[in-house]
Structures are given as C-alpha cells and as structure tokens.
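A quick write-up on the structure given underneath.
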Amino acid sequence: MTYIKPKFRHPGLKRNKIGFAKSDYEGAISTLCAGCGHDSISGAIIQACYEMAIEPHHLAKLSGIGCSSKTPTYFLGNSHGFNSVHGRMPSIATGANLANRDLIYLGVSGDGDSASIGLGQFCHVLRRNLNMVYIVMNNGCYGLTKGQDSATADPGSVSKEGSNNAFQAIDLVGLSLELGATFVARSFSGDKKQLVPLIKAAMSHPGFAFLDIISPCVTFNNNPGSTKSYDYVREHIAATSRLDFVPEEKEITVSYEEGTSASVRLHDGSLIHLQKLSPHWDPTDRDSAMNHLQKAKSHGEILTGLLYIDPHSGDLHQLLDTVAQPLNTLREKELCPGRAVLEEINAEYR
Ligand SMILES: Cc1ncc(C[n+]2csc(CCOP(=O)(O)OP(=O)(O)O)c2C)c(N)n1
Ligand code: SF4
Ligand SMILES: [Mg+2]
C-alpha cells in the first residue's frame with residue numbers, strides 16, 4: 001500500500017496568486033485514526049498556507065514525537081521538514097532559525113511532547129521569542145503510546161478505562177502568558193473558521209506565536225468524563241472574539257459596531273481584526289488575558305481565540321543583533337574581515 005497521493009490533478013483547479021492549487025500544499029495520505037482532531041488541524045494548515053500564497057520551499061516544518069508530530073508528513077509535502085527527537089523540536093527550530101531567518105518555521109508538537117519530556121525546551125524557546133509558529137495538538141493524552149494521561153489532562157478527567165486523573169493540569173496557555181510569550185491563542189480542531197485566520201496571524205507575527213489547539217483523540221480520550229472529548233469541548237467552549245486576518249493589500253469590507261471591535265496591525269502591514277464578544281476584552285493587555293483565562297477556568301469554560309498579542313514584539317535575531325544573511329551564504333569577505341578588524345577586537349580584551 002502506498003501513502004503517496006496521486007500527482008494527477010484536474011487542470012481547472014482554483015489557484016492562488018502564485019499559481020499553486022490547494023493540492024500543492026497537501027502531503028501524504030494520513031495514517032492517523034479516522035476522526036482524529038490532528039487531521040483537521042493539518043487541513044487548516046493547508047488552507048491557511050494556500051490562502052496566504054506561501055511558497056512551499058519558503059517554509060520548514062519541525063516536530064517531535066507523537067501522533068501529532070507525525071502530521072507534518074500529511075501537509076506541505078513540498079516544504080522542508082525535520083522530524084526530531086521526543087520533546088526536542090525547539091532546539092532544532094532554534095538552530096535552523098538562527099542559521100537562516102528567511103524561512104517560515106512551523107513547529108508541530110503534542111501535549112506529551114511539549115508539556116512533559118519537552119517542557120524545559122518549550123519554556124526556553126518561548127522566552128527567547130524565536131520567530132516561529134508553535135502548535136500544540138492538545139488531546140490530554142499520549143495518543144501514540146495508547147492513551148496514558150498527559151500533563152495537560154484536567155484533574156478528575158476520566159480515562160477510557162475509567163480511572164480519574166489525580167494530578168493538576170499544566171495549562172500551556174497560562175504558562176506562555178506568564179513566561180512572556182508575544183502571541184498566545186487557543187482553538188479547537190473542530191472550529192476551522194477560527195483556526196485558519198489564527199494560523200495566518202501566527203505566521204505573520206514576528207516572534208514566538210503559540211497556538212494551543214484542543215484536538216480530541218478519538219481512540220483513547222473521547223469517552224464520557226474526558227474533558228478533551230468532542231462533546232465536552234463543544235459544550236464548554238467560549239470564544240473571546242471572531243477573528244479576521246486581513247493581508248496588507250486588502251481592505252476591511254465588513255463594518256463592526258463601535259466598541260465591540262479591535263484591530264492589531266502587524267509589522268508586515270497585515271491586520272488582525274477582532275470582533276470582540278466581550279466588550280472588556282483587550283487582546284494587547286497581558287493582565288487582561290490572564291484574568292479572563294482564570295475567570296473562564298473557574299466557570300469551567302474553555303476560552304478560545306487570540307488571547308494575547310504584543311504588536312511590538314522583537315524576535316531573537318533582533319535581540320541578539322545577528323547578521324541578516326543566511327549563514328550558508330556568507331563568504332570569506334564577510335567571515336574574515338581582515339587583520340585591522342581582528343586587531344581592534346583583540347585590543348578590547350587587553
Ligand atoms: C525519549 C522518548 N521517551 C518516550 C517515548 C515514547 N513516546 C512516544 S510518543 C509519546 C507521547 C506522545 O504524546 P503527545 O506528544 O501528546 O502526542 P499524541 O500522540 O498524543 O499526539 C511517548 C511518551 C519516546 N518516543 N522517546
Ligand atoms: S491514537 Fe489518538 S491521537 Fe493518535 S491518531 Fe489515533 S485518534 Fe489521533
Ligand atoms: Mg497528546
């Protein structure tokens with residue numbers, strides 16, 4: 001059996017402004033369980049990249065280990081990719097990004113990959129504000145190893161075999177806000193309408209853009225009593241806003257009622273427009289985001305949408321003042337500036 005999709009496509013397929021059809025952003029046929037939330041997220045990534053007319057060779061997919069970390073095989077088959085070690089994707093992303101800032105880095109991980117074995121790596125890549133999109137496909141369990149509770153499983157959540165999780169959950173969204181993340185969002189694999197503009201906005205954000213996406217595991221954690229099942233999430237979801245991502249060259253065509261909307265302009269000129277569902281919501285205020293998150297939690301609600309964005313984010317390259325050129329294009333002229341410059345540097349240490 002082959003998992004490679006046939007190359008033949010209908011010649012009349014719709015194409016984006018750089019001439020690619022949506023199928024050009026697909027990958028191999030998924031081997032995940034039918035109905036797995038992760039496949040819906042892959043679909044949203046494909047849609048977002050198609051609509052944004054990303055050149056596939058301009059993007060690098062990075063992942064760790066898990067069903068979630070397998071998904072880069074199922075989207076963007078013409079992009080660069082590196083399936084790394086369990087919990088170590090952030091190191092690979094940091095190295096690749098520092099060597100070449102010209103690519104878009106899209107990291108995909110799971111709640112086990114990021115909140116257990118990779119928690120340290122997750123915290124450090126986040127506080128360094130590496131310019132990347134970091135997606136956690138969050139199902140509250142280790143799907144690939146047959147459904148053990150993960151560190152994001154809620155206390156009291158019931159597993160498929162009937163046991164209650166005794167431990168507190170790590171909320172990766174709360175942790176990100178606390179550690180200074182510059183873009184924090186939560187969404188649901190079943191809400192493509194919200195997910196696609198969020199992914200587009202994350203790709204335009206100059207810094208670490210974190211997306212925690214609840215993504216039910218239909219095989220091991222979709223039972224009654226689980227707080228990551230399709231039914232539970234649908235019943236408890238509370239969106240902060242309806243979101244539009246408006247690329248630089250497009251005008252906002254919809255009008256919004258005064259006081260209920262907010263716009264955030266990104267460095268590339270594009271605009272995130274939010275139709276707020278709560279008038280007190282300010283997506284650029286970290287304290288407000290933390291308060292709303294806590295409040296929602298105490299009411300048993302799952303808050304989704306763009307929760308926080310710092311429109312003045314400066315990424316790691318800016319902080320370290322690194323050379324703009326990809327390192328593999330530097331030639332002797334740049335690498336060896338000559339005896340006089342070397343003398344000057346040495347003199348500083350005398
Ligand atoms: C160093 C190491 N330890 C443990 C494992 C076993 N292992 C494989 S995937 C996984 C957890 C995956 O969970 P998650 O990241 O949530 O992905 P999911 O399958 O749920 O999408 C574990 C513990 C491993 N592959 N490598
Ligand atoms: S085991 Fe769970 S997470 Fe893994 S593919 Fe199946 S449904 Fe998805
Ligand atoms: Mg998981």
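For ligands, and for the atoms within them, numbers begin at 1 and follow the listed sequence. For this chain, numbers begin at 1 and follow the sequence in order.
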With heavy atoms under 4.0 Å as the rule, classify the contact between His38 and ligand 1 as side chain, backbone, both or neither.
->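 The part of His38 near ligand 1 is the side chain, not the backbone.
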For ligand 1, indicate whether the residue Ile117 contacts it via side chain, backbone, both or neither (heavy-atom separation under 4.0 Å).
->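 Side chain only.
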Atoms of ligand 1, numbered as shown, that sit under 4.0 Å from any heavy atom of Gly143 |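 Checking each atom against Gly143, I get 18 (P), 19 (O), 20 (O).
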Short list, please: which atoms of ligand 1 are under 4.0 Å from a heavy atom of Cys141?
-> 16 (O), 20 (O)
Minimum-distance protein heavy atom relative to [atom]:
| atom | result |
| --- | --- |
| atom 13 (O) of ligand 1 | Tyr142 CA, 3.4 Å |
| atom 6 (C) of ligand 1 | Thr145 CG2, 3.9 Å |
| atom 15 (O) of ligand 1 | Asp113 N, 2.7 Å |
| atom 25 (N) of ligand 1 | Ile65 CG2, 3.7 Å |
| atom 14 (P) of ligand 1 | Gly112 N, 3.4 Å |
| atom 10 (C) of ligand 1 | His86 NE2, 3.3 Å |
| atom 17 (O) of ligand 1 | Ser68 OG, 3.2 Å |

Above 12 or not: heavy atoms from other molecules or residues under 6.0 Å from CD of Glu332?
-> no
Flag yes if more than 12 heavy atoms outside Glu178 fall under 6.0 Å of its CD atom; otherwise flag no.
->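 It does not: Glu178 CD has 12 such atoms or fewer within range.
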Of all heavy-atom pairs between Ser215 and Ser189, which one has the smallest distance, and what is that distance?
-> CA-OG, 3.7 Å
For the atom pair [atom1] ([X]) and [atom2] ([Y]), what is the distance rounded to the nearest 0.5 Å?
| X | Y | atom1 | atom2 | result |
| --- | --- | --- | --- | --- |
| Leu266 | Phe183 | CG | CZ | 8.0 Å |
| Lys200 | Asp244 | NZ | CG | 9.0 Å |
| Leu103 | Glu55 | CG | CD | 11.0 Å |
| Asn139 | Cys36 | CG | SG | 7.0 Å |
| Asp282 | Tyr308 | CG | OH | 9.5 Å |
| Met290 | Leu293 | CE | CG | 8.5 Å |

Can you find an N/O atom of Met137 closer than 3.5 Å to an N/O atom of ligand 1?
-> no
May I ask you to check if ligand 1 and Gly66 share an N or O to N or O distance below 3.5 Å?
->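 Min N/O separation from ligand 1 is not below 3.5 Å for Gly66.
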Counting distance only, does the side-chain N/O of Asp113 pair as donor-acceptor with the main-chain N or O of His86 below 3.5 Å?
->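 Side chain of Asp113 to backbone of His86: no pair is present.
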Distance criterion under 2.8 Å: protein N/O/S atoms around atom 2 (Fe) of ligand 2 |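 That number is 1, waters not included.
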Heavy-atom contact under 4.0 Å between Gln148 and ligand 1?
-> no
Identified side chain to side chain donor-acceptor pair (under 3.5 Å) partner of Thr182 from the options Arg286, His312, His205 |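 Checked Arg286, His312, His205 against Thr182; only one passes side chain to side chain donor-acceptor pair (under 3.5 Å): His205.
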Please work out which of the three classes, parallel, tilted or perpendicular, describes the rings of Tyr25 and Tyr50, given edges at 30° and 60°.
->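 Plane angle over 60°, so perpendicular.
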Test salt bridge (charged side-chain N to carboxylate O under 4.0 Å, His left out) on Arg186 and Asp171 and set out the steps.
-> CA-CA 11 Å; Arg186 173 171 279 148; Asp171 180 358; 2.6 Å; yes
